[in-house]
*Asks:* 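Got a structure for you, questions after.
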Amino acid sequence: MDFTVLTLFPELVAAFFGHGMIHRGIERNLIAGKAVNIRDFSCDRHKTVDDRPYGGGSGMVMKPEPLEEAISFAKKRTPEAKVILMTPQGTRFDQKKACEIAEGMKGLIFICGRYEGIDERVYTQLVDEEISIGDYVMTGGELAAMAIIDSVSRMIPGVLGSSASSQSDSFIDDRLEYAQYTRPEVFNDLPVPGVLLSGNHEKIRQWRKRSSLQRTFMKRPDLFETQAPTAEEKKILRQWCRELETLVNQ
Ligand code: SAM
């Protein structure tokens, strides 16, 4: 998977590519990442990339020509890559989208806006998809592009290494991940649930399933609307109901 980020702040993105799991994935040639400065594609001697909006109004708008040139440059590196415009007006990014990209795409070229945004003709002519990371407005698209690269990369086999897995992550199968514990066995008088120390793999699996369901029910009940409970999940939920009933009837 090859990521190219078109930005006015390449150092910000280069630092991200130089750290943690993403850096390790790049070193192992599992992913590639490049930050490209949009300003390098401006043709005038002042290296202008923005201008005043037609019709008036506050702020500046990013000009289309440097972006077109920057996209052409990126496409020469990865002709099969999709061009993604980061915008709060785009389709909301989520875990399913991350899986879809990781499984089905070879490369992405991100356009990171700044100022008041980007000339409309870039949207209509040069972009394959518009993506938002949430219903809020940030000062630039870099953090949004990095959030997407980060979550897509950890779905690519080998990036997390053999010791970590994305298979039990929250939102896989529309459920939140189960509760996790590590040493010490007792912390502030709170012990680790005994079953996790039992070594019984089936019991541990069942406990985790129940924990995942309980957390989903308490924190994100809306996820049950996108994915109805399976037969096993219904059984666990019924058991939990019975236990709650016993508790309230005491
Ligand atoms: N005036 C624009 C609007 O209301 O739609 C917002 C422009 S914002 C200040 C500048 C840039 O930040 C955008 O062009 C986009 O690249 C990026 N951006 C801001 N919020 C974002 C979000 N939630 N998701 C993705 N990109 C975002």
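Every value quoted in this text rests on a predicted model; they were computed, and no experiment measured them.
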*Asks:* When you group the ILVMFWY residues by side-chain heavy-atom contacts below 4.5 Å and let the links chain together, are Met60 and Leu8 in the same group?
*Replies:* yes

*Asks:* Under a 4.0 Å threshold between the charged nitrogen and the carboxylate oxygen, would Lys96 count as salt-bridged to Asp94?
*Replies:* no

*Asks:* Side-chain donor-acceptor pair under 3.5 Å between Glu130 and Thr87, yes or no?
*Replies:* no

*Asks:* Does Arg208 offer a backbone N or O that forms a donor-acceptor pair with the side chain of Ser212 under 3.5 Å?
*Replies:* no

*Asks:* Considering only NZ, NE, NH1 and NH2 on the basic side and carboxylate oxygens on the acidic side, decide whether Arg205 and Glu202 come within less than 4.0 Å.
*Replies:* yes

*Asks:* Could you pull out the closest heavy-atom pair between Thr48 and Ser42, with the gap in Å?
*Replies:* O-OG, 2.7 Å

*Asks:* Testing Val36, Leu126, Ile38 for side chain to side chain contact (heavy atoms under 4.5 Å, CB included) with Ile71, which one passes?
*Replies:* Leu126

*Asks:* May I ask you to decide whether Arg114 forms a salt bridge with Glu142, counting only side-chain N to carboxylate O separations under 4.0 Å?
*Replies:* yes

*Asks:* Do Val152 and Phe171 share a hydrophobic cluster, counting only Ile, Leu, Val, Met, Phe, Trp and Tyr and linking them when any side-chain heavy atoms are less than 4.5 Å apart?
*Replies:* no

*Asks:* Look at the side chain of Asn249 and the backbone N and O of Glu245, then say whether any donor-acceptor pair between them is shorter than 3.5 Å.
*Replies:* yes

*Asks:* Which atom pair, heavy atoms only, marks the closest approach of Lys219 to Leu176?
*Replies:* CB-CD1, 3.7 Å

*Asks:* Nearest 0.5 angstrom please: Ile172 CD1 to Glu177 CD, how far?
*Replies:* 10.0 Å

*Asks:* Which heavy atom in Ile26 sits nearest to a heavy atom in Gly33, and how many Å separate them?
*Replies:* CD1-N, 4.1 Å

*Asks:* Looking at every non-hydrogen atom in both residues, tell me the closest pair between Ala98 and Ser151 and how far apart they are.
*Replies:* CB-OG, 4.0 Å

*Asks:* Say whether Met146 and Met21 are linked into one hydrophobic cluster, either directly or through other cluster members, by side-chain heavy-atom distances under 4.5 angstrom.
*Replies:* no

*Asks:* Any chance you could lay out the salt bridge (charged side-chain N to carboxylate O under 4.0 Å, His left out) test for Glu27 and Arg24, step after step, and finish with the verdict?
*Replies:* CA-CA 5 Å; Glu27 277 188 330; Arg24 227 175 58 171; over 6 Å; no

*Asks:* Any pair with a residue in residues 196-250 that passes ring pair (Phe, Tyr, Trp, His ring centres under 6.0 Å), sequence neighbours left out, goes on the list, sorted by first then second residue, please.
*Replies:* Phe217-Trp240

*Asks:* For residues Thr4 and Arg77, is any side-chain donor paired with an opposing acceptor at under 3.5 Å?
*Replies:* yes

*Asks:* Strictly below 4.0 Å, N to O, side chains only: are Arg220 and Asp174 in salt-bridge contact?
*Replies:* no

*Asks:* When hydrophobic residues are tied together by side-chain contacts of less than 4.5 Å, even through go-betweens, does Leu143 share a cluster with Phe3?
*Replies:* yes

*Asks:* Would a single hydrophobic cluster contain both Leu213 and Leu244, if residues Ile, Leu, Val, Met, Phe, Trp and Tyr are joined by side-chain heavy-atom contacts under 4.5 Å?
*Replies:* yes

*Asks:* For Phe9, does its backbone N or O pair with a side-chain atom of Thr7 as donor and acceptor, under 3.5 Å?
*Replies:* yes

*Asks:* For Glu233, is there an ion pair with Arg175 - N to carboxylate O distance below 4.0 angstrom?
*Replies:* yes

*Asks:* Is Lys34 paired with Asp2 through a side-chain N to carboxylate O contact shorter than 4.0 Å?
*Replies:* no

*Asks:* Is it true that a side-chain atom of Asp119 and a backbone atom of Pro64 form a donor plus acceptor pair closer than 3.5 Å?
*Replies:* no

*Asks:* Look only at the side chain of Thr246 and the backbone of Arg242, and say whether a donor-acceptor pair between them is shorter than 3.5 Å.
*Replies:* yes

*Asks:* How would you list, by chain and number, every residue that makes a side-chain hydrogen bond (donor to acceptor under 3.5 Å, both in side chains) with Arg210, sequence neighbours excluded?
*Replies:* Glu243

